[in-house]
Each structure stands twice: as structure tokens, then as C-alpha cells.
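Have a look at the structure below before the remarks.
Whatever order the structure lists them in is the order used to number ligands and atoms, beginning at 1. Along the sequence shown, residues are numbered consecutively beginning with 1.
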Amino acid sequence: MDDAQTLRAVAARFRIDGTFVDAQRYGAGHINDTFVGSFARGDTVVHYVHQRINEHVFGDVPALMTNIERVTEHIRARGGVALRLVLARGGETFVTDDAGRHWRTYDFVERTRTYDWTDSPARAYEAAHAFGEFSRCLSDLPQPPLRETIAHFHDAAYRFAQLRESARADTQGRALTAAEEIRFAFDREAIANALPRVPPRVAHNDTKINNVLFDDRDRAVCIVDLDTVMPGSVFADFGDLVRTATATAAEDERDLERVDVRVDLFEAVSEGFARGVGGVLLREEREHAFEAGTVTTLEQGVRFLTDYLNGDRYFRVARPTHNLERARTQFALLRSLERRRSELERIARNAFGAT
Ligand code: ADP
Ligand code: GN1
Ligand code: MG
């Protein structure tokens with residue numbers, strides 16, 4: 001079955017008022033298969049997002065979908081904007097197709113776009129502010145805790161253990177081509193333990209800038225990609241904004257000369273997140289914002305490198321060396337963060353009121 005046929009059959013199982021016209025792949029995510037479906041309703045065409053949830057990554061889809069329902073309803077109850085799930089005809093939050101694959105549907109947020117990176121401080125501020133607000137809004141999510149959808153997700157020490165194992169096994173015979181990067185990572189392994197232990201709080205856990213939908217006036221309209229919203233730490237959320245919204249290039253830029261951190265973007269992200277999150281952070285959390293950026297950037301480099309060594313089983317790739325290139329770019333960015341540490345640390349402490 002081709003994509004359109006599959007999508008037609010899947011869409012028919014959701015409470016969509018309209019006649020299926022077609023469906024196109026959409027977005028630049030590395031994990032799920034995302035499509036926009038078009039449906040004729042009277043004289044107009046309406047759109048929905050259909051997502052096939054990556055079952056290699058997410059083992060417990062019902063738990064994940066319950067998290068998403070709870071989180072989106074809580075945000076709306078607080079007056080915020082959140083993704084809106086379209087239920088299946090039987091009232092379920094997802095359906096399973098004949099091949100055993102799980103699908104969900106969201107309202108399509110019209111007239112928005114995403115950025116894989118940005119050179120605009122205003123946009124960086126907006127994205128960080130939106131994720132800060134997200135964190136504030138979910139800081140009083142009632143019990144029980146959200147379910148863990150991926151174990152050890154932002155456990156940098158665990159990510160190093162995975163890298164060590166993949167480099168040792170070298171199942172694809174790629175370790176030699178990545179020897180320099182493997183060495184770079186292990187030289188910095190101590191960074192994995194640079195953050196203090198803090199009580200768990202609800203985190204988005206995947207705050208890269210392309211998980212924010214912007215309107216045509218560059219306002220952040222809605223946060224997407226809620227699969228990893230679960231107990232975590234603010235460090236990962238702020239850290240991934242540093243990784244993706246303060247860099248001068250995309251995360252897979254091949255020309256490493258172009259990869260740097262821009263101080264004005266870093267300032268915008270710090271101010272935006274700190275204002276968005278408001279007063280909910282502990283002193284320990286406010287004091288380590290800068291370090292969150294280095295830890296998350298290193299951790300992501302380690303994850304890309306591990307996946308390269310494993311034969312690209314996790315992140316979607318466009319070419320065989322893609323994950324290695326992504327790892328190199330993360331490490332180049334980490335070097336820049338390290339080089340500018342004193343200036344950036346001062347900016348972060350100022351913004352978070354940790355002076
Ligand atoms: P992945 O886990 O693969 O990154 P995402 O949930 O982030 O999947 O979706 C991929 C992309 O699809 C997003 O980056 C965004 O561009 C787009 N997208 C997702 N949901 C919506 C929506 N409801 N409305 C408009 N665009 C969306
Ligand atoms: C994945 O799903 P997406 O493309 O927004 C990944 C993140 C990584 C990111 C790197 C569930 O994010 O953790 O930071 O790629 N998501 C998952 O670009 O592993
Ligand atoms: Mg995404």
C-alpha cells in the first residue's frame with residue numbers, strides 16, 4: 001500500500017468531518033512519520049496531521065497518549081494553546097492499522113512554519129519563552145506523575161555507556177572513521193556529571209526549535225512533539241534550546257567553520273526562557289543554566305555518534321554519514337560554548353536571577 005492509500009484508510013477511522021483528498025509527508029522530525037491530510041468539507045479544504053508513532057522508540061503507546069491527553073488538557077485549562085487530538089471514531093486517542101502500526105491525528109495548526117535553526121534573536125526569544133511557559137504551566141500538573149515514555153532519556157552518563165558499548169561492538173565497522181569523535185566525546189565524559197541532582201519536574205524533553213510552530217509574524221503559536229513530555233529536568237529543556245536556537249548553523253551543518261554560538265541568541269534564549277518559566281525554578285536550577293547547554297549538546301553529540309556506530313537505527317538519516325556529521329556539529333558547538341563560557345555563564349546567571 002502506498003502512503004496515500006494507507007493514509008486514506010487511517011484517516012477514515014478518526015472523527016474527521018470531510019472527504020479525504022490526499023496526504024503529504026510533512027515536517028523535518030527525525031522520529032515519527034508525519035503527514036498532512038487534506039479533506040473536502042463543502043466548498044473548503046480542511047487539514048489534519050496524521051502521525052505514525054515510531055514503535056521502535058516508544059514501547060508503550062497507550063501510556064504516551066494518556067500523557068499527551070493530560071498535558072494538552074491541562075494547558076488549555078490554564079488558558080494556553082496546545083495541540084488538539086482528534087479522537088478515533090470509537091473515542092480512542094490512537095488507532096492501530098493492519099500492519100500493527102499506531103497512528104494518531106491532530107488538528108493541523110494552519111499558517112505556521114518551523115525553523116531548524118535561526119539567526120533572529122526575536123525568534124529565539126519567542127521559542128524559549130514558549131518552552132518556559134510550557135514548563136511553568138505544567139509545574140502544577142496534578143498527580144499521578146506522567147508515565148516515562150523513554151527510559152534514561154536525558155541521562156548523559158547512560159548515553160556514554162551506550163556509546164562505549166557501540167564503539168566496542170562496532171557492528172558496522174564504522175568505529176575507525178569515527179575515532180576522532182569517539183575520543184573527543186570520552187575526553188569530556190566528566191561533563192556528563194556536571195549538573196546537580198534536582199527533584200524531577202514535568203519537562204518537554206525535546207525543546208529543539210523546530211518543535212515550535214511560528215506564525216507569519218514570528219510569534220510562537222504552539223509547541224509540538226509531546227511524546228517525551230514526562231518527569232525530567234529543566235536542564236534538558238533549557239539545554240536543548242541552547243543547542244538548537246543559539247547556534248549559527250543547523251545541527252547537521254557540514255562546514256564546521258560555520259558552527260558557533262551567537263552571544264545575542266544565547267542572551268535571547270536565556271531571557272525568553274527565564275521570563276516564560278517565571279518564579280517556579282529552584283535556586284539550584286537557576287544557577288546551572290549555562291552548564292545545561294554544554295551537557296545537552298555533548299549528550300546529543302554522543303547520541304548521534306552512537307547511532308552512527310549502530311548503523312542509523314534511531315534517527316532518520318538522509319545519507320550514510322549523516323549521524324557522524326551531526327555529531328561533529330554538536331562537538332563544534334560544544335567547543336564554542338566552552339570557549340565563551342565566562343561570558344555566557346554571566347548572561348545566563350543574570351537572566352535566571354542567579355547572580
Ligand atoms: P517528530 O517526533 O518526528 O519530530 P513532530 O511531532 O515534531 O515529530 O512533528 C514533525 C513536524 O510536523 C513538526 O516539526 C512540525 O513541523 C509539524 N507538525 C506536527 N504537528 C503539527 C500540527 N498539529 N500542526 C502543524 N504542524 C505540525
Ligand atoms: C529527535 O523528534 P525530533 O526530531 O523532534 C529526538 C530528540 C533529539 C533530536 C535531535 C524522541 O527529535 O531527542 O534531540 O531528534 N527525539 C527523540 O535533532 O529521541
Ligand atoms: Mg519534532
Side-chain angles (χ1 to χ4, degrees), residues 23-38 46-59 61 64-65 67-68 72 81-86 102-117 127 131 148-156 159 162 203-215 220-230 232 236-237 239-245 247 250-253 293 295-308 312-318 322-323 325-327 329-330 333:
Q24 309 282 344
R25 278 196 176 262
Y26 194 74
H30 296 338
I31 302 296
N32 295 311
D33 287 322
T34 304
F35 300 83
V36 174
S38 302
V46 293
H47 302 106
Y48 291 89
V49 167
H50 305 295
Q51 270 187 328
R52 179 186 158 199
I53 304 163
N54 186 324
E55 66 268 19
H56 301 297
V57 170
F58 301 106
V61 172
L64 175 159
M65 292 306 296
N67 281 357
I68 293 181
T72 52
V81 174
L83 284 175
R84 201 174 277 278
L85 281 168
V86 177
H102 304 302
W103 294 83
R104 69 179 160 224
T105 298
Y106 286 119
D107 279 356
F108 180 63
V109 185
E110 298 279 356
R111 290 177 296 282
T112 62
R113 60 159 297 180
T114 55
Y115 298 88
D116 292 333
W117 63 285
F131 278 118
E148 185 176 67
T149 58
I150 302 179
H152 297 294
F153 193 53
H154 281 295
D155 179 345
R159 298 299 186 179
Q162 289 185 313
H204 182 283
N205 284 310
D206 191 359
T207 61
K208 69 176 177 182
I209 190 168
N210 81 6
N211 286 326
V212 181
L213 305 181
F214 286 89
D215 69 12
V221 178
C222 186
I223 283 173
V224 302
D225 211 341
L226 307 177
D227 298 321
T228 52
V229 181
M230 60 179 158
D237 280 3
D240 216 45
L241 279 158
V242 171
R243 184 180 77 80
T244 61
E251 72 176 4
D252 61 351
E253 171 60 54
V295 172
T296 310
T297 303
L298 174 61
E299 177 193 291
Q300 189 58 58
V302 166
R303 290 179 64 197
F304 284 143
L305 188 54
T306 304
D307 200 35
Y308 173 71
D312 310 314
R313 294 198 312 237
Y314 190 95
F315 299 104
R316 183 175 293 123
V317 290
H322 207 163
N323 273 318
E325 291 156 12
R326 288 167 172 157
T329 306
Q330 306 315 297
L333 180 62

Distance dump, ligand 1 polar atoms to protein, N/O, under 3.5 Å:
residue, atom, partner, partner atom, Å
ligand 1, 2 (O), N32, ND2, 3.1
ligand 1, 2 (O), D225, OD1, 3.3
ligand 1, 2 (O), D225, OD2, 3.1
ligand 1, 3 (O), I31, N, 3.2
ligand 1, 3 (O), N32, N, 2.8
ligand 1, 4 (O), D225, OD2, 3.0
ligand 1, 6 (O), Q51, NE2, 2.8
ligand 1, 7 (O), N211, OD1, 3.0
ligand 1, 7 (O), D225, OD2, 3.0
ligand 1, 8 (O), Q51, NE2, 3.3
ligand 1, 9 (O), Q51, NE2, 3.2
ligand 1, 14 (O), N210, O, 3.0
ligand 1, 23 (N), D107, O, 3.0
ligand 1, 24 (N), V109, N, 2.9

| message | Is there a side-chain contact between N323 and F304 in this structure, where contact means two heavy atoms from C-beta onward sitting under 4.5 Å apart? | response | yes

Atoms in ligand 2 flagged as close to [X], the criterion being non-hydrogen separation under 4.0 Å:
X    : value
N211 : 5 (O)
R243 : 10 (C), 14 (O), 18 (O)
G29  : 4 (O)
K208 : 3 (P), 4 (O), 5 (O), 9 (C), 10 (C), 12 (O), 15 (O), 18 (O)

Could you pull out the closest heavy-atom pair between [X] and [Y], with the gap in Å?
X    : Y    : answer
D155 : E299 : N-OE1, 4.2 Å
D252 : H322 : OD2-NE2, 2.9 Å
D116 : I209 : O-CG2, 3.6 Å

| How about the Mg ion (ligand 3), which protein N, O or S atoms come within less than 2.8 Å? | N211 OD1, D225 OD2

For [atom], what is the nearest protein heavy atom, given as residue, atom name and distance?
atom                    : result
atom 4 (O) of ligand 2  : H30 N, 2.7 Å
atom 7 (C) of ligand 2  : D206 OD1, 3.5 Å
atom 5 (O) of ligand 2  : D225 OD2, 2.8 Å
atom 13 (O) of ligand 2 : R303 NH1, 2.8 Å
atom 1 (C) of ligand 2  : I31 CG1, 3.8 Å
atom 8 (C) of ligand 2  : Q300 OE1, 3.3 Å

| From the candidates F315, Y314, F304, the one that places a heavy atom nearest atom 17 (C) of ligand 2 |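 Answer by nearest heavy atom: Y314.
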
| task | Measure up the W103 and F35 rings against each other and bin them: parallel (under 30°), tilted (30 to 60°), perpendicular (over 60°). | result |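 Correct class here is tilted.
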
| Contacts of R326 that satisfy salt bridge (charged side-chain N to carboxylate O under 4.0 Å, His left out) - sequence neighbours left out |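 Salt bridge (charged side-chain N to carboxylate O under 4.0 Å, His left out) list for R326, sorted by chain: empty.
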
| field | Check against side chain to side chain contact (heavy atoms under 4.5 Å, CB included), D206 and D240 | value | CA-CA 7 Å; D206 191 359; D240 216 45; 4.3 Å; yes

| field | Neighbour count >12 (heavy atoms, 6.0 Å) for atom CZ, R111 | value |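 No, CZ of R111 has 12 or fewer neighbouring heavy atoms, counting only those of other groups under 6.0 Å.
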
For [X] and [Y], indicate whether the former's side chain and the latter's backbone hold a donor-acceptor pair under 3.5 Å.
X    : Y    : value
H154 : N205 : yes
T329 : E253 : yes
D307 : Y314 : yes
T149 : D227 : yes

| query | With sequence neighbours excluded, what pairs up with H50 under the ring-ring contact (aromatic ring centres under 6.0 Å, His included) test? | reply | F39

| On the ring face of Y115, is R113 found with NZ or CZ under 6.0 Å from the centre and within 45° of the axis? | yes

| query | Once you round to the nearest 0.5 Å, how far does NE2 of H47 lie from CG of D107? | reply |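 Rounded to the nearest 0.5 Å, the NE2-CG separation comes to 12.5 Å.
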
